[in-house]
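Below you'll find the structure, written out as structure tokens, and then a few comments.
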Amino acid sequence: MTRQIVTRFAPSPTGDLHIGGARTALFNWLYARGRGGKFLLRIEDTDRERYTPAAAEAIVTGLRWLGLDWDGAAVSQFEQRHRHAAVAHEMLARGTAYKCFSTAEEIAAFRTAEEAAGRYPVFQSPWRDADPATHPDAPFAIRMKAPRDGETVIMDQVQGQVVIKNATLDDMIVLRSDGTPTYMLAVVVDDHDMGVTHVIRGDDHLNNAARQQMVYNAMDWDVPVWAHIPLIHGPDGKKLSKRHGATAVGEYQLQGYPAAGMRNYLARLGWAHGDDEFFTSDQAKAWFDLSGIGRAPARLDFKKLENISGQHIAAAENAALLHELEGFLAANGQPALTDTQRDLMSRGLYCVKDRAKTFFELLDKAQFMLARHPILADEASAKLLDSVSRGILKDLTPRLQTAQWTKEALEVILNDVAVRHGIGFGKLAAPLRAALAGRTVTPSVYDMMLVIGQDETILRIGAAAA
RNA sequence: GGCCCGUUCGUCUAUCGGUUAGGACAUCUGGUUUUCAACCAGGCAAGAGGGGUUCGACUCCCCUACGGGCUGCCA
């Protein structure tokens, strides 16, 4: 029996959940969930100067919206600091780490001097092999005693075999002079303690993996499976930043993208399963594999996001779609739907959902269900309600009053009225659309009449024809 | 500067030595239509450059160019 797969998402809470981070979380989630494994969440909050509870909360909110559920409670890395320190001291005891009394100022001075001389060597602590008897009674940092010769090989599921010469790596600090652990130590200890079997993260950590692997070795721990995925770039190919527009997942929710569409789009960024473009999360879980991840950074394409988003809105169950729409309204600080509106929407969603790419568009197309008579005609549709058209609408009204409210019966009536006035159906539909919705762009006039019902239809036509 | 990673249509990608280099989004043309969306038919469009290896390279190797990352007592 093979070990259960455990993945994790370990963001640092420095702001909102970044779109790149969201994709990393998605990949971890897909990998674990598709294999009956566990997906864990750990907040890397060891940098107390930058940490804010609001940022940690934003990450949780973002993941929840995306529908990426994690197992157990979120782990705070900061709370594990004593455990990290204990491991650092164990490394000391094992002789795989040593006390370094060089001060930050000394190291900085060394570096500036070397750079001024045109060199960029790694700092080598003079205390690496110092006799403990010579140790001063002063604060010290604990540095890992990294091998100086040979090379460290990372077997990466995405990048392949990556060889890094040990001479290019310095003895990294694992425990600061104030007794707090560094990130390099903390990740390894936490991942080990949490039983993480697969580390799937951005390739900005690829070089770090070599140093972290040294910590695993120093502690005789099993090295996890590495998978370093390329970062996401902006449409111009540069590193994604604020000027590219939305970088936080929360902004995508506010812009009206459904979570399922977001997951689908993000999954296709840097990963492919043959020619499949549109798929559900269940399919993605079944298909997702590390071997399908590309090695080149991907760019954001909002047009494609919109397209995928529209497909997911069209394919959604009405009840679920309505529920998510209400979440969208709440997130945007919009008033909640009234019972009447919700009722109309659940009956009429079918005729608007396949023509909307986002919830904004969906709401716009659904305007005829949200409004009550009298309908305010916008400028373009008001022009359609001239005296001739109003006359036709007046003529239509008595027929509607006695009509059986089915599409077939309404078709007979409208066609008949159009013929009697010697106009094409389009000429009749245009003012009718204006009367019913006050817009020039709406769903089919039949669908609108059937959804809002006979009474409301007659009231709206009456108001427009007056 | 050093080290590491990358480079197929505008974009996301398929291809895992032999294909007319495929699909999707976008875009263009035509059709359909009750407006919009959708839909149908079709078009445009790619292996960064240069060397090798091989009967044969998008695929393997090297160099160059370009892009990205790391190089902290940040994460």
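Every chain is numbered from 1, with letters handed out A, B, ... down the list of sequences.
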| Donor-acceptor side-chain pairing of A/Tyr98 and A/Asp171 below 3.5 angstrom | yes
Reckon [X] has a side-chain N or O less than 4.0 Å from the OP1 or OP2 of [N]?
{"X": "A/Lys165", "N": "B/G2", "result": "no"}
{"X": "A/Thr46", "N": "B/A75", "result": "yes"}
{"X": "A/Arg111", "N": "B/C73", "result": "yes"}

| remark: RNA chain B nearest-nucleotide lookup for A/Ala298 and A/Phe425: closer to the 5′ end is A/Ala298
Can you tell me the base-pairing partner of [N]? Count Watson-Crick or G-U wobble geometry only, both distances below 3.5 Å, and say none if there is no partner.
{"N": "B/G1", "value": "B/U71"}
{"N": "B/C44", "value": "none"}
{"N": "B/U19", "value": "none"}

Side-chain donor or acceptor of [X] under 3.5 Å from a matching atom on the base of [N]?
{"X": "A/Asp203", "N": "B/G69", "value": "no"}
{"X": "A/Ser177", "N": "B/C73", "value": "yes"}
{"X": "A/Lys365", "N": "B/A37", "value": "no"}
{"X": "A/Arg439", "N": "B/U35", "value": "no"}

| task | Salt-bridge test for A/Arg420 and A/Asp395: reply yes if a basic N is under 4.0 Å from a carboxylate O, no otherwise. | result | yes
